Amino acid sequence: QVQLVESGGGLVQAGGSLTLSCAASGTAGSFYNRAWFRTAPGKDRDFVAFINRSGSNKSYSDSVEGRFTISRDNTKNTIYLQMNSLKPEDTAVYYCAAGPMGTNIQTTYAYWGQGTQVTVSS
(Lines give C-alpha, C1' and ligand atoms only; values in the text may rest on other atoms or scores of the structure.)
Protein backbone atom coordinates (compact mmCIF):
# COMPACT_ATOMS: atom_id res chain seq x y z
CA GLN A 1 0.00 0.00 0.00
CA VAL A 2 1.27 3.43 -0.94
CA GLN A 3 -0.06 6.63 0.59
CA LEU A 4 0.43 9.93 -1.23
CA VAL A 5 0.29 13.36 0.38
CA GLU A 6 0.29 16.52 -1.73
CA SER A 7 1.29 19.96 -0.50
CA GLY A 8 2.16 23.38 -1.85
CA GLY A 9 -1.15 24.53 -3.25
CA GLY A 10 -2.53 28.00 -2.65
CA LEU A 11 -3.65 31.28 -4.14
CA VAL A 12 -1.41 33.06 -6.64
CA GLN A 13 -1.82 35.87 -9.13
CA ALA A 14 -1.70 35.22 -12.85
CA GLY A 15 1.88 35.08 -14.03
CA GLY A 16 3.10 33.79 -10.70
CA SER A 17 4.64 30.47 -9.69
CA LEU A 18 3.94 27.62 -7.32
CA THR A 19 5.66 24.33 -6.58
CA LEU A 20 3.61 21.31 -5.60
CA SER A 21 5.07 18.33 -3.77
CA CYS A 22 3.80 14.79 -3.40
CA ALA A 23 5.39 12.53 -0.83
CA ALA A 24 4.86 8.78 -0.94
CA SER A 25 4.97 6.57 2.11
CA GLY A 26 7.00 3.40 1.91
CA THR A 27 9.90 2.53 -0.36
CA ALA A 28 7.63 1.29 -3.16
CA GLY A 29 6.93 4.87 -4.17
CA SER A 30 10.46 5.30 -5.48
CA PHE A 31 9.94 2.39 -7.90
CA TYR A 32 6.66 3.61 -9.33
CA ASN A 33 5.84 5.82 -12.25
CA ARG A 34 4.25 9.03 -11.02
CA ALA A 35 2.01 11.70 -12.47
CA TRP A 36 0.00 14.82 -11.78
CA PHE A 37 -3.62 15.26 -12.79
CA ARG A 38 -6.03 18.10 -12.13
CA THR A 39 -9.74 18.71 -11.84
CA ALA A 40 -10.92 22.16 -12.80
CA PRO A 41 -14.32 23.43 -11.61
CA GLY A 42 -17.08 21.71 -13.55
CA LYS A 43 -14.70 19.55 -15.56
CA ASP A 44 -13.36 16.01 -15.54
CA ARG A 45 -9.94 15.15 -14.15
CA ASP A 46 -7.24 15.69 -16.78
CA PHE A 47 -3.63 14.66 -17.22
CA VAL A 48 -0.99 17.28 -16.44
CA ALA A 49 2.46 15.67 -16.28
CA PHE A 50 4.15 12.27 -16.10
CA ILE A 51 7.54 11.04 -14.92
CA ASN A 52 8.85 7.50 -15.02
CA ARG A 53 10.53 5.75 -12.09
CA SER A 54 14.05 6.85 -12.96
CA GLY A 55 13.11 10.37 -14.02
CA SER A 56 14.51 9.80 -17.50
CA ASN A 57 11.16 10.08 -19.26
CA LYS A 58 8.72 12.97 -18.82
CA SER A 59 5.66 14.14 -20.67
CA TYR A 60 3.21 17.02 -20.37
CA SER A 61 -0.22 18.01 -21.55
CA ASP A 62 -0.25 20.59 -24.32
CA SER A 63 -1.83 23.14 -22.01
CA VAL A 64 1.14 23.16 -19.58
CA GLU A 65 4.05 22.27 -21.86
CA GLY A 66 6.81 24.86 -21.46
CA ARG A 67 5.35 26.29 -18.24
CA PHE A 68 5.30 23.32 -15.84
CA THR A 69 8.17 21.01 -14.92
CA ILE A 70 7.83 17.64 -13.22
CA SER A 71 10.72 16.18 -11.25
CA ARG A 72 11.36 13.59 -8.57
CA ASP A 73 13.72 12.81 -5.73
CA ASN A 74 13.70 9.08 -5.13
CA THR A 75 15.75 9.45 -1.95
CA LYS A 76 12.72 11.27 -0.52
CA ASN A 77 10.02 9.32 -2.38
CA THR A 78 8.75 12.69 -3.55
CA ILE A 79 7.75 14.23 -6.85
CA TYR A 80 7.39 17.90 -7.61
CA LEU A 81 5.50 20.08 -10.05
CA GLN A 82 7.07 23.47 -10.66
CA MET A 83 4.38 25.69 -12.15
CA ASN A 84 5.42 28.96 -13.80
CA SER A 85 3.50 31.60 -15.73
CA LEU A 86 0.29 30.47 -14.10
CA LYS A 87 -3.01 31.34 -15.75
CA PRO A 88 -6.52 31.54 -14.30
CA GLU A 89 -7.39 28.43 -16.33
CA ASP A 90 -4.82 26.50 -14.27
CA THR A 91 -7.16 26.82 -11.29
CA ALA A 92 -7.97 23.28 -10.18
CA VAL A 93 -7.49 20.64 -7.54
CA TYR A 94 -4.20 18.94 -8.35
CA TYR A 95 -3.77 15.24 -7.62
CA CYS A 96 -0.65 13.11 -7.69
CA ALA A 97 -0.78 9.46 -8.65
CA ALA A 98 1.56 6.48 -8.40
CA GLY A 99 1.63 3.07 -10.00
CA PRO A 100 4.07 0.48 -11.32
CA MET A 101 2.69 0.74 -14.87
CA GLY A 102 1.37 4.29 -14.76
CA THR A 103 1.19 6.37 -17.92
CA ASN A 104 -0.61 9.60 -18.81
CA ILE A 105 -3.94 7.78 -18.43
CA GLN A 106 -5.50 8.02 -14.98
CA THR A 107 -6.93 4.50 -14.99
CA THR A 108 -3.37 3.12 -15.03
CA TYR A 109 -2.78 4.40 -11.48
CA ALA A 110 -3.65 2.48 -8.34
CA TYR A 111 -2.71 5.12 -5.79
CA TRP A 112 -3.91 8.71 -5.47
CA GLY A 113 -3.37 11.61 -3.14
CA GLN A 114 -6.16 13.65 -1.58
CA GLY A 115 -5.53 16.67 -3.80
CA THR A 116 -4.33 20.21 -3.23
CA GLN A 117 -6.15 23.34 -4.39
CA VAL A 118 -4.44 25.78 -6.73
CA THR A 119 -6.25 29.04 -7.42
CA VAL A 120 -4.91 31.56 -9.92
CA SER A 121 -6.48 35.01 -9.79
CA SER A 122 -6.61 37.31 -12.80
Side-chain angles (χ1 to χ4, degrees):
Q1 189 77 6
V2 177
Q3 291 186 323
L4 304 174
V5 178
E6 300 103 335
S7 61
L11 173 65
V12 63
Q13 288 188 330
S17 299
L18 278 177
T19 299
L20 305 183
S21 301
C22 176
S25 65
T27 57
S30 64
F31 297 104
Y32 285 359
N33 291 344
R34 307 282 289 276
W36 290 96
F37 292 81
R38 67 185 182 186
T39 304
K43 297 186 178 181
D44 294 331
R45 188 158 58 186
D46 289 329
F47 167 73
V48 176
F50 163 86
I51 188 166
N52 70 340
R53 57 183 58 83
S54 69
S56 61
N57 184 23
K58 304 176 185 180
S59 65
Y60 301 91
S61 67
D62 291 342
S63 61
V64 308
E65 179 82 52
R67 300 188 297 122
F68 290 11
T69 301
I70 190 171
S71 62
R72 67 189 296 160
D73 183 344
N74 285 341
T75 65
K76 298 180 180 179
N77 288 342
T78 300
I79 66 168
Y80 306 93
L81 187 68
Q82 173 67 45
M83 305 184 293
N84 298 328
S85 303
L86 283 161
K87 305 174 181 179
E89 50 264 42
D90 294 317
T91 294
V93 177
Y94 284 72
Y95 299 89
C96 69
M101 302 299 291
T103 66
N104 62 340
I105 301 173
Q106 55 183 303
T107 54
T108 61
Y109 290 95
Y111 304 105
W112 292 84
Q114 81 289 350
T116 186
Q117 176 70 47
V118 172
T119 302
V120 184
S121 62
S122 59

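From a predicted model like this one, the values you see are computed outputs, not experimental measurements.
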What's the separation between atom CG in L11 and atom CD in Q117, rounded to the nearest 0.5 Å? 9.5 Å
Under a plain distance cut-off of 3.5 Å, with no hydrogens placed, do S121 and Q13 share a side-chain donor-acceptor pair? no
State which residues pass side-chain contact (heavy atoms from CB on, under 4.5 Å) with A14; sequence neighbours excluded, sorted by chain then number. P88, V120
Which distance, rounded to the nearest 0.5 Å, do you find between the CD1 of I105 and the CZ of F37? 8.5 Å
Flag if over 12 foreign heavy atoms under 6.0 Å of CD, Q3: no
Check whether any side-chain heavy atom of L20 lies under 4.5 Å from a side-chain heavy atom of E6, and answer yes or no. no
Is any side-chain heavy atom of D90 less than 4.5 Å from a side-chain heavy atom of R67? yes
In the structure I gave you, are the side-chain heavy atoms of Y94 and C22 within less than 4.5 Å of one another anywhere? no
For atom NZ of K76, decide whether the heavy atoms of other residues, nucleotides or ligands shown that lie under 6.0 angstrom number more than 12. no
Using a 3.5 Å cut-off and no angle test, enumerate the donor-acceptor pairs between side-chain atoms of residues 40-47 and protein atoms at least two apart in sequence or in another chain.
residue: R45; atom: NE; partner: Q106; partner atom: OE1; Å: 3.0
residue: R45; atom: NH2; partner: Q106; partner atom: OE1; Å: 3.3

Nearest-0.5 Å distance, CG of residue D73 to OH of residue Y80: 5.0 Å
Looking at side-chain heavy atoms only, is the closest gap between L81 and F68 below 4.5 Å? yes
Carefully, step by step, assess N57 and F50 under the rule side-chain contact (heavy atoms from CB on, under 4.5 Å). CA-CA 8 Å; N57 184 23; F50 163 86; 3.9 Å; yes
Do V118 and R38 have side chains that get closer than 4.5 Å, going by heavy atoms? no
Measuring only between side-chain heavy atoms, which start at C-beta, is Y60 closer than 4.5 Å to T69? yes
Examine V93 and W112 and state if one hydrophobic cluster contains both, with Ile, Leu, Val, Met, Phe, Trp and Tyr joined whenever side-chain heavy atoms are less than 4.5 Å apart. yes
Distance from C96 atom SG to I51 atom CD1, nearest 0.5 Å? 12.5 Å
Considering non-hydrogen atoms only, spot the tightest contact between S21 and T78 and give its length. CB-CG2, 4.3 Å
As an exercise, state the distance from CZ of R72 to OG of S54, rounded to the nearest 0.5 Å. 8.0 Å
Identify the two heavy atoms, one from Q82 and one from S17, that lie closest to each other, and give their separation to 0.1 Å. NE2-CB, 3.9 Å
Side-chain (Y109) to main-chain (T103) donor-acceptor, under 3.5 angstrom: yes
Within-4.5 Å side-chain heavy-atom neighbours: I79 and W36: yes
Minimal non-hydrogen separation, G113 against Y95, with atom names: O-CD2, 3.6 Å
Heavy-atom pair with the smallest gap, counting every atom of A24 and L4: CB-CD2, 3.5 Å
R34 CZ to K58 NZ distance, which is reported to the nearest 0.5 Å: 13.5 Å
N74 (side chain) donor-acceptor with N77 (main chain) under 3.5 angstrom: no
